Amino acid sequence: MNNDAAAFIGEIQTQQKRKSGKQNRYFKKEAKRTLFAADNFYKAVISHIIAGVLSGGFLFMTFYVPGLTQLFFSDFISEKAVNALATALNIILYIIFSFFFFAFFSGAYILAARMRDEPDKEEGRPKYASLSAMLLPLNCLKNARRTFALYLILAAEIIASTLPSTLVFTFMRSTDLSGLPAFLIKALVIFCSAFACVFFIMLFAPMPYVMAENKGAGAAELYRKSASAALCGIWRCFALLFSFIPLILLSILTFDVLFYAYALPYMTISFAKAGEYLYYIENPERR
């Protein structure tokens, strides 16, 4: 392994900052090796497809709720009541979708964190990650409750991040402000909200490693430890995300085929590598 490119655990933080770019290239290199080792590639792709299908079904149902509500209830209640019922049902479906999206993609991320490209124990006999790892967030009542609590934490943070933008847009509709000033204000608040949302999501990067070594901990304790570890190098995570922008743009040109078949699994494993590094920086005695 190239020592200049390696991300050493416990290294002095000022030295680590100078190596941020090299470390992210190292994470991506290791992620690519892991992705194409043994049967990791098909497991990574399948896990994301399963997560998208199982959670996306609830989102797909929202397109049919207004028509079905109108079909079954229009003869019994007023048009206004039908619309209110359809809206309420869609909100419920959106909440269910967002929870299962969080749970299943958390499972896919846990699976990515368990993937290895070299033997874990006995030379020549790697212990490969099982696809069933993606079901860990919901495989028992205890894990489901903990996953739901983590979901509520993230949901509250995202709502708090997007609320200022909603208020600004609502206020601007009642004013005469338009043109370039209005565009700049809207662009600024959207950027700030997006940045805050990504920031809070990044705090979950070390979560699989925190969960693996704190099996009996509650959701609040897991989140505290994950956030504490992530804050050791949160800008490194942002730099890693920005480095994938060319690949994401290329995926758009392939109508997202490349995104699901390669880019998304590659990104997931890369962030798992970065999360592992951040966790051991915060907890060097765990190494």
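Just so you know, these numbers come straight off a predicted model, no measurement behind them.
Note that CD1 of I153 and CZ of F102 are 8.5 Å apart. Values are rounded to the nearest 0.5 Å. Here CD1 of I95 is found 6.5 Å from OG of S98. Values are rounded to the nearest 0.5 Å. Of the inter-residue distances, the one linking L253 atom CG with I248 atom CD1 reads 12.5 Å to the nearest 0.5 angstrom. The CE atom of M211 lies 12.0 Å from the OH atom of Y279; values are rounded to the nearest 0.5 Å. Taking CG of L85 as the reference point, atom CD of Q70 lies at 10.5 Å (rounded to 0.5 Å). Distance NZ/K273 to CG/N24: 14.0 Å, rounded to 0.5 Å.
Counting only N and O atoms by type, the side chains of E30 and Y277 include no donor and acceptor under 3.5 Å apart.
The hydrophobic cluster analysis finds I159 isolated: no Ile, Leu, Val, Met, Phe, Trp or Tyr side chain comes under 4.5 Å of it, directly or through other members. In the hydrophobic clustering, where aliphatic and aromatic side chains (Ile, Leu, Val, Met, Phe, Trp, Tyr) are joined below 4.5 Å either directly or transitively, F191 stands alone.
Aromatic ring orientation, F195 versus F199: parallel (interplanar angle below 30°, classes split at 30° and 60°). Between Y280 and Y209, the ring planes are tilted. Angles from 30° to 60° get that label. Under the 30°/60° scheme for interplanar angles, the aromatic rings of F238 and F242 are found to be tilted.
Relative to the ring axis of F244, K28 places its NZ or CZ within 45° and under 6.0 Å from the centre.
When every heavy atom of S161 is checked against every heavy atom of A196, the shortest pair comes out as OG-CB, 3.4 Å. Residue A112 comes nearest to I269 through the heavy atom pair CB-CG1, 3.8 Å, listed as atom of the first residue, atom of the second, then distance. The shortest non-hydrogen separation linking A230 to L203 is CB-CA, 3.7 Å. Closest approach of P265 to L35, counting heavy atoms only: CB-CD1, 4.0 Å.
In the hydrophobic clustering of this structure, L222 does not group with L141; members are Ile, Leu, Val, Met, Phe, Trp, Tyr whose side-chain heavy atoms approach within less than 4.5 Å, directly or through other members. F97 is connected to I92 through a chain of hydrophobic side-chain contacts under 4.5 Å among Ile, Leu, Val, Met, Phe, Trp and Tyr, so both are in one cluster. The hydrophobic cluster containing L68 also contains F58, counting ILVMFWY residues as joined when their side-chain heavy atoms lie under 4.5 angstrom apart, directly or transitively. L188 and L184 fall into different hydrophobic clusters, where Ile, Leu, Val, Met, Phe, Trp and Tyr are joined by side-chain heavy atoms under 4.5 Å apart, directly or via other members. Side-chain heavy atoms closer than 4.5 Å link hydrophobic residues (I, L, V, M, F, W, Y) into clusters, and following such links, even through other members, never connects L163 to F171.
Considering only heavy atoms from C-beta on, F27 stays 4.5 Å or farther from F271 through its side chain. P137 is listed as a side-chain neighbour of I110, based on a closest heavy-atom distance under 4.5 Å. Put simply, the side chain of V53 does not reach to within 4.5 Å of the side chain of F104, judged on heavy atoms.
For F36, the CZ atom counts as densely surrounded, since its 6.0 Å shell holds more than 12 non-hydrogen atoms of other residues, nucleotides or ligands. More than 12 heavy atoms of other residues, nucleotides or ligands lie within 6.0 Å of CZ in F200, so this atom counts as buried by the packing criterion.
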>> Is there a ring-ring contact (aromatic ring centres under 6.0 Å, His included) between F204 and Y223? Walk through the geometry before answering.
In response: CA-CA 7 Å; F204 284 78; Y223 177 76; 5.5 Å; yes
